[in-house]
Amino acid sequence: MAFPVLSVIVFTPIVVGVVLFFVPADRQRVIRLLALMAATVTLLLSVWAYLNYNVAQAGYQFVTQIPWVPALGISYHVGVDGLSMPLVLLTGVVMFTGVLISWRVDDRPREFFAFMFILATGVFGVFVSLDLFQLFFFYEIAVFPMFLLIAVWGWKQTREYAAMKLTLYLFIGSVIALVGGLVMVYSSGLNTFDLLELQKAGFSSAFQHFWFPFVFFGFAILGGIFPLHNWSPDGHVAAPTAVSMFHAGVLMKLGAFAALRVGIMLLPEGAHFWSWLILVLGTINVVYGAFIAMVQTDFKYIIGFSSVSHMGLVMLGFATLNEQGLTGAGLQMFSHGIMTALFFAVVGTVYDRAHTRQLGELGGMARVLPLSMVGFVIGSLVSMGMPGFSGFIAEFPIFMGLWQRAPWAAIVAAVGIVITAAYLMIAVRKVFFGAMPERFKGHISPLILQDKIALVLLSGLMVLIGVFPSVMAPMVQSGADAVLRLVGGA
Amino acid sequence: MSFIQAHLLSLILFIPAVSALVVLMIPRDNETGQRWVSLAASLIPLALAIGLWFGYDPTQPGYQFVEEAPWYTTIHANFHLGADGITAVLVLLTTLLVPLAIVVSWNEERNLRTHLALLLLLETGMLGVFLSLDLLLFFIFWEVGLVPIYFLIDHWGGEHRQRAAFKFLIYTMGGSLGLLLAIQLIGVVSGTFDLVNISQNWSTLTRPLALFGLPIAVPIATVKSIAFWAFVIAFAIKIPIWPFHTWLPDAYTEAPTAGSMLLAGVMAKLGAYGFLRLVLPLYPQEAHRYAWILALLATLSIIFGALSAWGQGDLKRLVAYSSVNHMGWVVLGIAAAAYARGTLSAPDAVWAMNGAVLQMFNHGVSTAGMFLLVGVIYQRTKTRKLEDLGGLFPLMPIYGGLFIFTAMAWVGLPGLNGFVSEFLVVRGVWPIFTLFTAVSMVGLLITGAYVLKGIRGVLHGPLNPEWSGKALEIGRREVLAMSPLLGLMLAVGVWPSWILNVINQTVLRLLG
């Protein structure tokens, strides 16, 4: 039997999370090192799996299947394809950098890291699930620690409100999706939760048309789809830095990914039928999110709304239902994940030192935090789709897909790019350049090594993909092709 | 040697970017090291570009020194470089101006290291546009150049630099948005981004753009016109032509001297190059049909640019507006060529086009020189207002000589470079757009007026007592930076055929 690399990736975080609870709370150094070790192991395994994924062969790889509740057709079934492999890598990277950036968390770090690792297990689990029951199982595992992480470690002014809002939205979304999922399982008559089996169920058109919105939009709430997006900026802002990174970087991909895996892949006719609605909502996401980001005065809210805007592009890519659009959406999920993790890491480094995020009160940070500035500028360039960075590599195929599907959406969504450039350049200038307010002079401590490693790793990945798209694009393309075989080409 | 020969264009293209990273690695305190490393690094591409100039064989058709490698296979975009005569001229211009810009920035006090690195990055961006034979690659370098110049203006510029930089960025990004969408459209309908390939198949392309889920399809003619206008607007903003020029006076004036030299000297050429490389070959019919609009706008650029320059009280703004005026001639030449190719007056189109390309080179040389000289005076007096200057000739005789020499090249004195190209344009355009040419000639008069206003305002008239007794004379380093420019002005003016030979062959092929 081959080494079950995916299972090890999924369960390492939660096992270490549980072990952490047995470490005395005052041994903070041990706790941090243990957390870092676990994150490193997980990251290395993700990288190993990524490098060993055979693009030429495509399909699901590293598959493990063990019966779990045979009577109901539930099994433990994991495997990755070209779309989920990059997301596993993304989660590994965000987890590793999240631990580094949280090095200076001193409020109960043991519980903090433990919950974060439980969350990571949930996220990894969803990405590798090939069984519907198991997918929901991990999905809920991911949502629950989020609540605690925000409510306990979050920003004092809004944390209870934001945590509650976020949890309610996500539970409602998952309940709606769950209803749709269960209906699919029982009406298929196959007595199985296995996604690969359900793909062959051949649901009737009427069935697909009716149930697709439940499944797709139920999950898409977590992907931040308009008008059900407004849990996300509040959640991002209230969460502590590493959790924001997880939240915007990975968790929103979870929603989008599940909407694709369960909604579009199981109910392809429904996807064709409803794609106009996804197009409309995705376009609104892109443009509306960008406008709202533009009027924010809180540094972190800007990034929060920019995520809403960018996830709209993922939705648009899905809705094209053609090779370029889906490939672009897959790449955008990865690229946005890394980018937004970098953004929140930078915001964290500034906020930890200046204790304010108001654009009007900041200024001149580039002199004391040069690497934060570089990170933020690179993130901004990715965000505005500047060539040479991963954002361009991802957005370009999405737009090419859109031209073939809905040219109006391509034109309207393109406006969002210019607005993005405007609000990010304003933020860069107000936070990092100009004169530094007197009260900060001499009070801003430089970045620690852990911060630097995290920022460099995240920035470097985006440049790597931007300059050499072939390290990721063919893999995602193979995944998109597999989806297309189910939904029937454009 | 064979490695250099096989990868000549890549080396020219990427050596600046790589050396920018190297410069950033040098410790902040070691300013001498930063200066010399960046200067040396910018001289290598210059040497290679001279090699390209002599290695390029104008008599051979097609692109030379071609390099091709797969890049983004998912959407069929390749890394594809190549050079023809026009490229060779513009690459030479770019690689020449960057070392001069570095010499000019020698004593920059604010964060020298980043300043130099950005200049080198900018060089890669600009060269990439000239060398790309793949639409996607073209667009990438088009955009990549924006980032360094934005930061150069935003950080090292004058008093209102932030406003100028922001306006510049949003304006050009707005323009390139259309370009981006058009490139995507072309990629979708033709299935490739390869320029050579597209140029061959573009006219025979008939497959309409099918819209999924809709009963209608967009006819290919509509797609082509959309893309045509998107290209025209993006390039018109970049050059810029009236009325798309309003970002220019702010950006050129507020940019640091090195930035102004490259903005006016090279970046303005990117737009004109886009017309030559993309609009004319891909849209011969549309270009023919709408050429009069372009010619009208060019005429207005010439007239209004000259009038605005004449009305300025700020020396740098005067030079900035003069670019609108001078680039108008380039556009006028291109418009005439677009109109007349394939008709009876095709020989005139060849004249006009030769003039336009040569004017691109000449404008790059003289405007860079002019901005350099403005920078010299500003650095010493901290003012650019003509009313505060004046009577400086006795105090700085060498500077005065250089200033008058450059101004004469600018105004088109026979024997210097400006005359040759403007003569060619006028000669070529006259039979095609007689009225526009006649009106533009009035612009030449006004050009004379504003140039003389500049000379008088700086060098003649009563001396502002504030400057008397001060050592204002131009330094040896700045004279050194000026000398290649002066040499080129003279060389092109006296014996233009060394450069026109190369241009002419490519123009002949381009116009069929």
Side-chain angles (χ1 to χ4, degrees), chain A residues 272-273 275-276 279 320-324 327-328 331 366-367 370 374 377 380-381 384-389 392-393 395-408 410-411 414-415 417-422 425-426 428-429 433-434 466-470 472-474 476-477 480 490, chain B residues 17 24 28 70-77 79 111 114 121 124-125 128 136-147 150-151 154-155 162 165-166 169-178 180-189 191 193 209-214 218 222-223 226 230:
Chain A
H272 279 288
F273 185 76
S275 68
W276 64 273
L279 283 170
T320 61
L321 296 175
N322 56 33
E323 187 185 36
Q324 284 143 343
T327 307
L331 288 167
R367 241 159 286 154
V374 171
V377 168
S380 306
L381 296 175
M384 62 179 86
M386 185 58 73
F389 299 94
F392 179 76
I393 298 301
E395 286 173 18
F396 200 89
I398 293 180
F399 277 95
M400 283 185 71
L402 277 179
W403 278 113
Q404 296 162 64
R405 181 83 185 188
W408 57 266
I411 294 167
V415 176
I417 294 178
V418 177
I419 305 170
T420 305
M425 284 296 120
I426 292 173
V428 168
R429 173 177 307 149
F433 301 126
V467 177
F468 301 106
S470 51
M472 184 166 286
V476 177
Q477 194 184 1
Chain B
L24 286 176
R28 187 177 288 278
W71 181 62
Y72 192 175
T73 47
T74 310
I75 55 173
H76 313 293
F79 177 78
N111 204 348
T114 319
L121 273 181
T124 291
L136 195 68
L137 213 57
F138 176 93
F139 180 76
I140 286 172
F141 287 112
W142 178 272
E143 290 287 279
V144 162
L146 276 183
V147 180
Y150 169 80
F151 284 108
D154 194 72
H155 282 249
Q162 301 196 330
F166 193 68
L169 183 79
I170 293 304
Y171 224 119
T172 11
M173 275 203 83
S176 36
L177 192 63
L180 173 69
L181 296 181
I183 288 177
Q184 288 163 349
L185 257 183
I186 292 177
V188 168
V189 293
F193 290 99
L209 178 66
L211 299 185
F212 186 86
L214 290 179
V218 181
T222 316
V223 173
I226 293 173

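Just the heavy atoms: all of them, side chains too, but no hydrogens, waters or symmetry mates, feed the values below. Chain naming here is simple, since letters A, B, ... match the order of the sequence lines and numbering starts at 1 in each.
Proximity to chain A (any heavy atom under 4.5 Å) is restricted, for B/D154, to the side chain, taken from C-beta onward. In this structure, chain A has a heavy atom under 4.5 Å from the side chain of B/L177, while its backbone stays farther away. In this structure, no portion of A/I419 lies under 4.5 Å from any heavy atom of chain B. In this structure, chain A has a heavy atom under 4.5 Å from the side chain of B/F151, while its backbone stays farther away. With a threshold of 4.5 angstrom between heavy atoms, A/M400 approaches chain B through its backbone and through its side chain. Interface remark: B/F141 contributes no atoms to any contact with chain A (heavy atom separation under 4.5 Å).
Comparing B/M173, B/Q162, B/E143 by how many heavy-atom pairs each has under 4.5 Å with chain A, the most go to B/Q162. Ranked by heavy-atom pairs under 4.5 Å with chain B, the first of A/I417, A/I393, A/V476 is A/I393. Considering only heavy-atom pairs separated by less than 4.5 Å from chain A, the leading option among B/L169, B/L136, B/I170, B/V144 is B/L136.
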Stepwise side chain to side chain contact (heavy atoms under 4.5 Å, CB included) check, B/I183 with A/F396: CA-CA 10 Å; B/I183 288 177; A/F396 200 89; 4.1 Å; yes
After noting the C-alpha distance and the side-chain angles of A/F399 and B/L180, does the key distance pass the side chain to side chain contact (heavy atoms under 4.5 Å, CB included) rule? CA-CA 10 Å; A/F399 277 95; B/L180 173 69; 5.7 Å; no
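For B/Y72 and A/F392, the gap between ring centers reaches or exceeds 6.0 Å.
Scanning both residues, A/G388 and B/I140, for their nearest heavy atoms gives N-CG2, 4.5 Å. B/T74 approaches A/A473 most closely through the heavy-atom pair OG1-CB, 3.3 Å. B/T73 and A/P474 make their closest contact through OG1-CG, 4.5 Å (heavy atoms, listed as atom of the first residue, atom of the second, distance).
If you take CD on A/Q477 and CD1 on B/I75, they are separated by 10.0 Å, rounding to the nearest 0.5 Å. Rounding to the nearest 0.5 angstrom, the gap separating the CG atom in A/L381 from the CG atom in B/L146 is 10.5 Å.
With B/W71 contributing its side chain and A/V467 its backbone, the two residues share a donor-acceptor pair below 3.5 Å.
Around the CH2 atom of A/W408, the shell of radius 6.0 Å holds more than 12 heavy atoms that belong to other residues, nucleotides or ligands.
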